[in-house]
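These notes concern the structure reproduced below.
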There are 2 protein chains.
Amino acid sequence: MADHVDRILTQWHSEKPDLDVSPMAVIGRLNRAAIAVESRLADTFARHALDSASFDVLATLLRSGAPYRITPVELARDAMISTSAVAQRLNKLETRGLVRRAANPNDGRGTLVTLTDSGRELIEAALPDHLETEHAIIAALSVEEQSNLAALLQRIHDAASSS
Amino acid sequence: MADHVDRILTQWHSEKPDLDVSPMAVIGRLNRAAIAVESRLADTFARHALDSASFDVLATLLRSGAPYRITPVELARDAMISTSAVAQRLNKLETRGLVRRAANPNDGRGTLVTLTDSGRELIEAALPDHLETEHAIIAALSVEEQSNLAALLQRIHDAASSS
DNA sequence: TAGCAATTGCTAAGCACTTAGGTATTATGA
DNA sequence: TCATAATACCTAAGTGCTTAGCAATTGCTA
């Protein structure tokens with residue numbers, strides 16, 4: 001059952017026997033698991049002519065509910081990226097006719113991003129497929145293990161964020 | 001205890017009550033935890049004038065043991081990046097005098113990358129600091145929870161990779 | 001209420017990755 | 001053995017992020 005991370009730990013043990021490299025067992029696997037999942041999800045996105053970044057924007061608009069209209073700042077907060085990255089994502093999506101930008105009547109500085117009909121059709125079609133892929137991955141764990149994993153990840157997240 | 005992922009799930013429930021979005025609870029937190037950890041580790045790397053990519057190369061060379069000499073192909077496999085990305089990482093590190101490239105006497109096509117003395121000093125200094133940061137993060141979990149988490153992540157990794 | 005600070009959203013430039021493609025060398029098998 | 005395939009490594013170009021910086025508007029406060 002030795003995986004890549006195990007081999008790295010073994011190498012460290014023989015080269016630096018005095019160092020406690022046990023944290024790498026967790027953090028190394030966290031990284032690799034995240035990369036493997038992301039890569040698997042990308043296949044599904046590609047089948048719908050999307051990438052992870054575009055899916056993210058369209059899904060955020062969809063789950064905001066009718067009239068599917070939010071600000072770039074909200075998109076940035078939600079995706080944990082800069083507002084500049086949002087602007088560039090929106091440029092791409094607007095060119096494809098999947099979203100539309102309009103002036104925010106309540107804030108002269110602001111913009112409101114709306115899902116177009118064709119954008120909504122696309123994300124409504126991609127979403128069930130995406131969920132099926134996610135389900136196929138986490139089905140490797142029992143329901144109890146899933147909630148266990150989610151709780152542990154949340155605590156790691158908090159520990160990494162604090163300070 | 002409601003975090004960002006909980007709020008996203010709540011939004012989906014009210015907008016698409018028929019969809020089972022429970023996989024997002026795990027995969028969403030996997031992503032966010034990995035990003036938070038990566039960001040925390042980056043601070044430590046920066047204190048040693050390194051980034052994650054450079055640290056990765058130097059650490060791989062160090063743990064290979066004396067004479068700290070491996071091929072770009074091995075580096076690519078280990079870091080799960082293209083050999084082209086390795087070439088660019090090495091260009092940077094070689095300019096800084098942290099690694100050195102030489103022809104592989106056993107393979108006319110090949111190159112051998114060696115850790116220079118100054119590269120070795122740098123990584124030997126950064127490594128304990130890095131491990132301390134990793135330890136500070138995973139100390140949020142008991143030892144048993146840590147090995148539990150590592151095992152669950154390995155299974156998620158395998159599930160995402162297969163097929 | 002005038003002026004300064006904060007916010008919003010954009011483009012430009014820089015960075016690290018990817019894929020594409022080139023060159024050189026080694027391995028294969030007809 | 002010799003043509004062809006595979007491998008190793010690189011640069012170039014494209015992509016999507018970041019930070020820097022700009023212009024416009026709004027919010028705060030003296």
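Chain identifiers are assigned alphabetically (A, B, ...) following the order of the sequence lines, protein sequences preceding nucleic acid strands; residue numbering begins at 1 within each chain. Since this is a predicted model, take the numbers as computed values, not measurements.
The CD1 atom of A:Ile70 sits 14 Å away from the P atom of C:dT8 (whole-angstrom rounding). Rounded to whole Å, atom P of C:dC17 lies 16 Å from atom CD of A:Glu38. Atoms CG (A:Leu75) and P (D:dG16) sit 17 Å apart, rounded to a whole Å. The separation between A:Leu93 atom CG and C:dC10 atom P is 12 Å, rounded to whole Å. As rounded to whole Å, 14 Å separates atom P of D:dG16 from atom CG of A:Asp56. Rounded to an integer number of Å, the gap from A:Asn106 CG to D:dT25 C1' is 14 Å. B:Phe55 places its CZ atom 17 Å from the P atom of C:dA16, with the value rounded to the nearest Å.
Here the side chain of A:Arg40 pairs a donor or acceptor atom with the backbone of B:Ala160 at under 3.5 angstrom. Side chain of B:Ser161 to backbone of B:His157: a donor-acceptor contact under 3.5 angstrom is found. Counting only distance, with no hydrogens or angles, the side chain of A:Ser64 and the backbone of A:Leu61 share a donor-acceptor pair below 3.5 Å. No donor-acceptor pair closer than 3.5 Å links the side chain of B:Arg101 to the backbone N or O of B:Thr111. A donor-acceptor pair is defined here as one N or O able to donate and one able to accept, closer than 3.5 Å; such a pair exists between the side chain of A:Thr116 and the backbone of A:Gly97. The backbone N or O of B:Ile27 sits nowhere less than 3.5 Å from a side-chain atom of A:Glu134 that would complete a donor-acceptor pair. Side-chain atoms of A:Ser39 never come within 3.5 Å of backbone atoms of A:Ile35 as a donor-acceptor pair (strictly under, hydrogens ignored).
Within 6.0 Å of the CD atom in A:Glu132, the count of heavy atoms belonging to other residues, nucleotides or ligands does not exceed 12. Applying the 6.0 Å contact sphere to CD of A:Glu124 captures more than 12 heavy atoms from other residues, nucleotides or ligands.
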Task: side chain to side chain donor-acceptor pair (under 3.5 Å) between A:Asp129 and A:His48, worked out - done: CA-CA 9 Å; A:Asp129 208 357; A:His48 293 272; 2.8 Å; yes
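Using a 4.0 Å cut-off between charged nitrogen and carboxylate oxygen, B:Asp117 and B:Arg100 do not count as a salt-bridge pair. Salt bridge annotation for B:Asp3-B:Arg29: present, with a cationic side-chain nitrogen under 4.0 angstrom from a carboxylate oxygen.
Side-chain N/O atoms of B:Asn91 include one lying less than 4.0 angstrom from OP1 or OP2 on D:dT11.
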Review item, nucleotides 17-19 of chain D N/O atoms under 3.5 Å of protein N/O:
| unit_1 | atom_1 | unit_2 | atom_2 | d |
| --- | --- | --- | --- | --- |
| D:dC17 | OP1 | A:Arg89 | NE | 3.0 |
| D:dC17 | OP1 | A:Arg89 | NH2 | 2.8 |
| D:dC17 | N4 | A:Gln88 | OE1 | 3.3 |
| D:dT18 | OP2 | A:Ser82 | N | 3.2 |
| D:dT18 | OP2 | A:Ser82 | OG | 2.7 |
| D:dT18 | O4 | A:Gln88 | NE2 | 2.9 |
| D:dT19 | O4 | A:Ser84 | OG | 2.9 |

Would you tabulate the nitrogen or oxygen pairs shorter than 3.5 Å linking the protein to nucleotides 1-8 of chain D?
| unit_1 | atom_1 | unit_2 | atom_2 | d |
| --- | --- | --- | --- | --- |
| D:dT7 | O2 | B:Arg109 | NH1 | 3.1 |

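B:Asn104 comes within contact range of no nucleotide atom at all, as no heavy-atom separation falls under 4.0 Å.
Sequence order on DNA chain D of the closest nucleotides to A:Gly108 and A:Lys92 puts A:Lys92 first from the 5' end.
Contacts of A:His130 classified as ring pair (Phe, Tyr, Trp, His ring centres under 6.0 Å), with partners at least two apart in sequence or in another chain: A:Phe45, A:Phe55. With sequence neighbours left out, the side-chain hydrogen bond (donor to acceptor under 3.5 Å, both in side chains) criterion links A:Ser118 to no other residue.
Taken residue by residue, residues 57-69 of chain B places no heavy atom nearer than 4.0 Å to DNA chain D. For DNA chain D, none of the residues of residues 95-103 of chain A falls under the heavy-atom distance limit of 4.0 Å.
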